[in-house]
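The analysis underlying the following values was restricted to heavy atoms, covering all of them including side chains, and did not include hydrogens, waters or symmetry mates.
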Amino acid sequence: MTSTRTGSAPVEASPSAFPTGFLWGAATAAYQIEGAVDVDGRSPSIWDTFSRTPGRTAGGDTGDRATEHYHRYRQDVRLMSELGLGAYRFSVSWSRVQPTGRGPAVERGLDFYRRLVDELLEHGIQPAVTLYHWDLPQDLEDLGGWPARDTAERFADYAALLADALGDRVGIWTTLNEPWCSAFLGYGSGVHAPGRADWTAALRAAHHLNLGHGRAVEVLRASLPRDARIAVSLNLHEVRPLTASAADREAARRIDAVGNRVFTGPMLGGGYPDDLLADTEHLVDWQDLVHDGDLAAIARPVDLLGVNYYTPTVVSALPHGQDPGSATASEAGHGDGAQSPFVGCADVLFHRAPGPRTVMGWPIDPSGLTDLLLRLHREHPGLPLMVTENGAAFDDRPTAEGSVHDPQRIDYLRGHLDAVRRAIAAGADVRGYFLWSLMDNFEWAWGYGKRFGLYYVDYATQARTAKDSARWYAEVIRRNTLPDLPG
């Protein structure tokens with residue numbers, strides 16, 4: 001605990017305080033909020049195609065309108081300013097900027113992001129750009145998508161267009177958001193766009209996402225000012241065996257390999273882990289997939305590692321004699337797909353921990369965030385960390401007076417921010433926290449029924465209403481500390 005002085009008497013700093021300069025933010029994604037899907041030259045992405053396919057999303061919901069952020073961004077930036085955000089993490093729609101995924105940029109598409117960045121800066125908010133949040137141009141999917149090597153090269157070209165347009169005003173750049181979801185939910189289980197269920201394609205997609213990240217880091221490093229910070233955001237799984245048995249610990253190792261180390265290994269300089277290669281050699285020829293020079297390209301250093309965390313993952317081995325076909329990955333919280341998104345792990349059982357859950361069915365366990373941050377601190381010392389997504393969906397409903405009370409979200413946020421503080425106190429170099437999400441929005445395959453926002457959105461009128469959690473978060477930001485815990 002540190003101390004400061006007021007007059008001549010030492011005053012102990014609050015144990016719930018965050019470091020000076022800690023960056024407070026909120027996050028969104030383009031397809032979830034922008035709408036205007038056929039405006040100013042934008043072409044369909046894989047999520048336009050997927051959400052318009054009957055049976056793919058809850059209620060047949062699409063992001064066609066979303067929260068109309070494309071037209072209401074000035075209003076939304078004012079909301080950010082009212083919160084006191086230090087930074088806003090948003091993604092760019094690839095098909096708005098480069099509709100076919102190749103060739104020159106569409107200036108009208110770039111202009112939207114130029115206007116958004118200028119508006120943020122005018123309100124004293126740092127723009128934090130994510131290049132890719134799952135919305136591949138449909139034209140590139142038609143040519144093979146992420147399982148095709150060429151997509152990685154196209155991604156580097158796209159990164160260069162954004163760096164040229166926004167590099168003088170944006171200081172934080174994230175290449176990919178949650179490539180695990182892109183590869184394994186999009187191509188492995190089929191619950192996300194493009195909806196393919198092919199384990200081999202998922203592994204190929206994972207490698208090319210890794211390669212695309214490395215190529216983009218190279219481009220950004222060459223194009224951006226020296227003080228720009230380059231990152232990647234990973235939804236790392238805090239994997240826990242159900243019991244201490246050797247079989248359950250082996251199940252956890254396998255999930256850790258294909259859920260975490262398939263990305264952290266090559267991105268952070270260690271290459272693909274030997275156990276991952278052995279586990280999946282029956283699905284893909286790694287020697288053919290990984291070309292000379294790929295691992296060096298993927299391992300180009302980043303300045304920050306973004307960590308997205310919502311809930312832990314609890315696993316066990318399939319009991320002896322039980323039919324592997326009876327195992328399901330739905331308890332992992334990733335939806336019911338044609339097969340498990342954890343490639344080669346059809347015989348691993350997933351369990352939800354006891355205790356309170358969000359309306360996503362995800363157990364609430366802040367200790368998983370502390371454990372995950374400390375693991376990264378141990379395994380990658382010297383690498384700054386940032387929580388780039390964390391939040392919860394609850395059944396928020398306005399009162400007759402128009403207020404939105406969400407005490408469960410406040411409790412969730414308090415617990416997880418305290419988990420971050422505990423990790424920092426134990427030595428983890430965590431530089432900031434981005435709450436998911438600024439406002440309610442299109443929640444992918446779950447449609448509009450799951451509300452994660454600090455602001456309640458009436459989808460019929462597009463009116464935004466601050467929830468109690470928005471006022472609570474604003475006070476946390478203002479004080480740079482957690483309010484005192486009750487009792």
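The main-chain N or O of A30 is found under 3.5 Å from a side-chain atom of S91 such that the two form a donor-acceptor pair. The backbone N or O of R409 lies less than 3.5 Å from no partner atom in the side chain of S469, so there is not a single donor-acceptor pair. Judged by distance alone, the side chain of R204 and the main-chain N or O of P147 form a donor-acceptor pair under 3.5 Å. In this structure, W180 contributes its side chain and L234 its backbone to no donor-acceptor pair below 3.5 Å. Put simply, the side chain of H192 never gets that close to the backbone of L185: no donor and acceptor are under 3.5 Å apart. With T200 contributing its side chain and V284 its backbone, the two residues share no donor-acceptor pair below 3.5 Å.
Side-chain contact of S45 with W134: a donor-acceptor pair under 3.5 Å is absent, judged by distance alone. Defined by atom type and a distance below 3.5 Å, a donor-acceptor pair is present between the side-chain atoms of Q138 and T49.
When side chains are defined from C-beta on, L120 does not count as touching Q126, because their heavy atoms never get closer than 4.5 Å. Using a 4.5 Å heavy-atom threshold, the side chains of Q32 and H69 count as separate. Side-chain atoms of V129 and T174, non-hydrogen and from C-beta on, never get closer than 4.5 Å to each other. Looking at heavy atoms from C-beta onward, F155 lies out of side-chain contact with V219 at the 4.5 angstrom threshold. Two residues are said to be in side-chain contact when any heavy atoms from C-beta on lie closer than 4.5 Å; T28 and Y88 meet this criterion. Residues V359 and F452 form no side-chain contact, since every pair of their non-hydrogen atoms from C-beta on lies 4.5 Å or further apart. At a threshold of 4.5 Å between non-hydrogen side-chain atoms, the residues N441 and S437 count as touching. Within the 4.5 Å cutoff, side-chain heavy atoms of R154 are placed close to those of L140.
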Which side-chain N or O atoms in residues 101-109 pair as donor and acceptor under 3.5 Å with protein atoms at least two apart or in another chain?
unit_1	atom_1	unit_2	atom_2	d
R102	NH2	D150	OD2	3.4
E107	OE1	R114	NH1	3.0
E107	OE1	R114	NH2	3.2

Donor-acceptor pairs under 3.5 Å, side chain of residues 385-393 to any protein atom, not counting sequence neighbours: which ones?
unit_1	atom_1	unit_2	atom_2	d
T388	OG1	S233	OG	3.0
T388	OG1	V307	N	3.3
T388	OG1	N308	OD1	2.5
E389	OE1	Y310	OH	2.5
E389	OE2	N308	ND2	3.3
N390	OD1	Y433	OH	2.7
N390	ND2	Y309	O	2.8
N390	ND2	Y412	OH	3.2

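Remark: R478 pairs with E475 by the side-chain hydrogen bond (donor to acceptor under 3.5 Å, both in side chains) rule, at least two apart or across chains. Under the side-chain hydrogen bond (donor to acceptor under 3.5 Å, both in side chains) criterion, T313 pairs with no residue, sequence neighbours left out. Residues satisfying the salt bridge (charged side-chain N to carboxylate O under 4.0 Å, His left out) criterion with E122, sequence neighbours excluded, are absent altogether. Taking R471 as the reference, D468 meet the side-chain hydrogen bond (donor to acceptor under 3.5 Å, both in side chains) condition, with sequence neighbours excluded. For H377, the ring pair (Phe, Tyr, Trp, His ring centres under 6.0 Å) criterion is met by no residue, not counting sequence neighbours. The ring pair (Phe, Tyr, Trp, His ring centres under 6.0 Å) test applied to F442 returns Y31, Y448, not counting sequence neighbours. Contacts of W446 classified as ring pair (Phe, Tyr, Trp, His ring centres under 6.0 Å), with partners at least two apart in sequence or in another chain: none. Judged as a side-chain hydrogen bond (donor to acceptor under 3.5 Å, both in side chains), and not counting sequence neighbours, the contacts of D40 are Y70. With sequence neighbours left out, W199 forms a ring pair (Phe, Tyr, Trp, His ring centres under 6.0 Å) with no residue at all. For L374, the side chain to side chain contact (heavy atoms under 4.5 Å, CB included) partners are T370, R378, A423, A426, A428, not counting sequence neighbours.
The two residues L85 and A26 come nearest to each other via the heavy atoms CD1-CB, 3.8 Å. The two residues D288 and H291 come nearest to each other via the heavy atoms O-CD2, 3.4 Å.
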- Report the C-alpha distance between R261 and D275 in whole Å, list the side-chain angles of each, state the deciding distance to 0.1 Å, and finish with yes or no for salt bridge (charged side-chain N to carboxylate O under 4.0 Å, His left out). CA-CA 10 Å; R261 291 180 286 120; D275 61 329; 2.8 Å; yes
- Message: As a quick check of understanding, evaluate salt bridge (charged side-chain N to carboxylate O under 4.0 Å, His left out) for R74 and D118, giving each step before the final call.
- Response: CA-CA 10 Å; R74 289 189 176 89; D118 288 345; over 6 Å; no
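A distance of 6.0 Å or more separates the ring centres of W146 and H207. A centroid separation of less than 6.0 Å is found between the aromatic rings of H237 and H334. Close placement of the Y73 and F112 rings is indicated, their centers lying within 6.0 Å of each other.
Here D256 pairs with R375 in a salt bridge; the nearest charged N to carboxylate O distance falls below 4.0 Å. Salt bridge present: D64 and R52 bring a charged side-chain N and a carboxylate O closer than 4.0 Å. The residues K467 and D440 are annotated as salt-bridged, a charged nitrogen and a carboxylate oxygen being separated by less than 4.0 angstrom. Note on E68 versus R464: no salt bridge recorded, every NZ/NE/NH1/NH2 to OD/OE distance being 4.0 Å or above. Salt-bridge check for D76 with R78: failed, with every basic side-chain N at 4.0 Å or more from each acidic carboxylate O. Between D38 and R42 there is no salt bridge, since no side-chain nitrogen of the basic residue lies less than 4.0 Å from a carboxylate oxygen of the acidic one. Checked for salt-bridge contact, R96 and D135 miss the test: no charged N lies under 4.0 Å from a carboxylate O. A salt bridge is defined here as a Lys NZ or Arg NE, NH1 or NH2 lying under 4.0 Å from an Asp or Glu carboxylate O, and D418 with R421 meets this definition.
In this pair, F22 and F18 present their aromatic rings tilted. The plane angle is within the 30 to 60° band.
A cation-pi contact, defined as under 6.0 Å to the ring centre and within 45° of the axis, links R451 to Y456.
Separating the CZ atom in R196 from the OG atom in S189 is a distance of 13.0 Å, to the nearest 0.5 Å. S43 OG to D139 CG: the interatomic distance, rounded to the nearest 0.5 Å, is 6.0 Å.
Counting non-hydrogen atoms of other residues, nucleotides and ligands closer than 6.0 Å to CZ of R149 gives a total above 12. Within a 6.0 Å sphere centred on CG of D274, other residues, nucleotides and ligands contribute 12 heavy atoms or fewer.
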